[in-house]
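Below is one structure, written out as structure tokens, with a few remarks after it.
Every heavy atom of this structure was used, including side-chain atoms; hydrogens, water molecules and symmetry mates were not. By convention here, the first residue in the shown sequence is residue 1.
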Amino acid sequence: MPESLPHPGELSILKDDVHVWWARLDLTTDQVVALGKLLSEDERTRAHRFVRDRDRVRFTVSHGLLRCILSGYSGTPPAALNLAAEDQGKPYLVNESGDRDRLEFSLAHSGNLGLYGIALGRRVGVDVELIDKSFPFEAVAARFFTALECERIHT
């Protein structure tokens, strides 16, 4: 696993803080295997649903790293963390008493970059998007945007 990961309970966060982490998801095979061992059975099942190996690896790494980060704040070993999902699918951390934990998080990934947001007692959201410099944005804009919108793209 990457050496810079926090140890359980090593990190702290205050009520008004939001911590943002980023990580590269293109790790060595040994690192991917180690992070995969931290996942729950449900997460492993979800990972194996991906058709492409690249997507399976990115899921495994991003969720394994999430567990390491949450472990750093919660003090619970990464593999022992209990995650559940809201009706809409957003995951959340469950504490020892079976209630939703006050530690909130968000995970986004695109390409080989993972982004993580951590907050205490309030919802947090992060997003990241790979920019494809070859995308013909000017042609798309010319077809679908107003003249004023197209003009603003160039300023």
**D101 and S74: CA distance, side-chain angles, deciding distance, side chain to side chain contact (heavy atoms under 4.5 Å, CB included) verdict** = CA-CA 9 Å; D101 197 272; S74 69; 5.8 Å; no
**Prompt:** Run the side chain to side chain contact (heavy atoms under 4.5 Å, CB included) check on L83 and L93 step by step: do they pass?
**Reply:** CA-CA 5 Å; L83 299 175; L93 189 59; 3.6 Å; yes
**Message:** Show, in sequence, the C-alpha distance, side-chain angles and deciding distance for L113 and L130, and conclude whether the side chain to side chain contact (heavy atoms under 4.5 Å, CB included) test is met.
**Reply:** CA-CA 8 Å; L113 181 67; L130 179 66; over 6 Å; no
**Prompt:** Stepwise, does the salt bridge (Lys or Arg N to Asp or Glu O under 4.0 Å) test hold for E41 with R44?
**Reply:** CA-CA 5 Å; E41 189 61 38; R44 283 191 208 101; 3.3 Å; yes
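At a threshold of 4.5 Å between non-hydrogen side-chain atoms, the residues L103 and N95 do not count as touching. In this structure the side chain of Y116 never reaches within 4.5 angstrom of the side chain of L70, judged on heavy atoms. Looking at heavy atoms from C-beta onward, H19 lies out of side-chain contact with V124 at the 4.5 angstrom threshold. Contact check for E43 versus L38: no side-chain heavy atoms found under the 4.5 Å cut-off. Taking the side chain as every heavy atom from C-beta outward, W21 and P6 approach each other to under 4.5 Å. In this structure the side chain of L120 never reaches within 4.5 angstrom of the side chain of D17, judged on heavy atoms. Put simply, the side chain of P91 reaches to within 4.5 Å of the side chain of F105, judged on heavy atoms. Put simply, the side chain of F145 reaches to within 4.5 Å of the side chain of I153, judged on heavy atoms.
A pairwise comparison of heavy atoms in T60 and A47 identifies OG1-CB, 3.8 Å as the closest pair. Between L27 and L35, the closest heavy-atom pair is CD1-CD1, 3.6 Å. The minimum heavy-atom distance linking G75 with P8 is given by the pair O-CB, 3.6 Å. Nearest heavy-atom pair across A84 and V94 is CB-CG2, 3.7 Å. The two atoms that bring L25 and G114 nearest to each other are CG-N, 3.7 Å, heavy atoms only. Annotation for V128 and S110: closest pair O-CB, 3.6 Å, computed over non-hydrogen atoms.
Judged as a ring pair (Phe, Tyr, Trp, His ring centres under 6.0 Å), the pairs with a partner in residues 39-62 (not counting sequence neighbours) are, in order, F50-F59, F59-H63. Among pairs with a residue in residues 121-130, those fulfilling side chain to side chain donor-acceptor pair (under 3.5 Å) read E86-R123, at least two apart in sequence or across chains.
Checked by atom type, the side-chain pair D30/T28 shows no donor-acceptor distance below 3.5 Å.
No side-chain donor-acceptor contact under 3.5 Å links T76 to the backbone of L81.
When the side chains of ILVMFWY residues are joined at heavy-atom separations under 4.5 Å, either directly or via intervening members, L107 and I13 end up in a single hydrophobic cluster. In terms of hydrophobic clustering, with Ile, Leu, Val, Met, Phe, Trp and Tyr side chains grouped at heavy-atom distances under 4.5 Å, F137 and F144 are assigned to a common cluster. Grouping the Ile, Leu, Val, Met, Phe, Trp and Tyr side chains by contacts below 4.5 angstrom, directly or via other members, places I118 with L5. A single hydrophobic cluster is not seen to contain both V18 and I69; linkage of ILVMFWY side chains at heavy-atom distances under 4.5 Å, directly or through other members, places them apart.
Applying the 6.0 Å contact sphere to NZ of K37 captures no more than 12 heavy atoms from other residues, nucleotides or ligands.
The structure places CZ of R54 at 12.0 Å from CG of D26, a figure rounded to the nearest 0.5 Å. Note: S71 OG to L66 CG = 10.5 Å, rounded to the nearest 0.5 Å.
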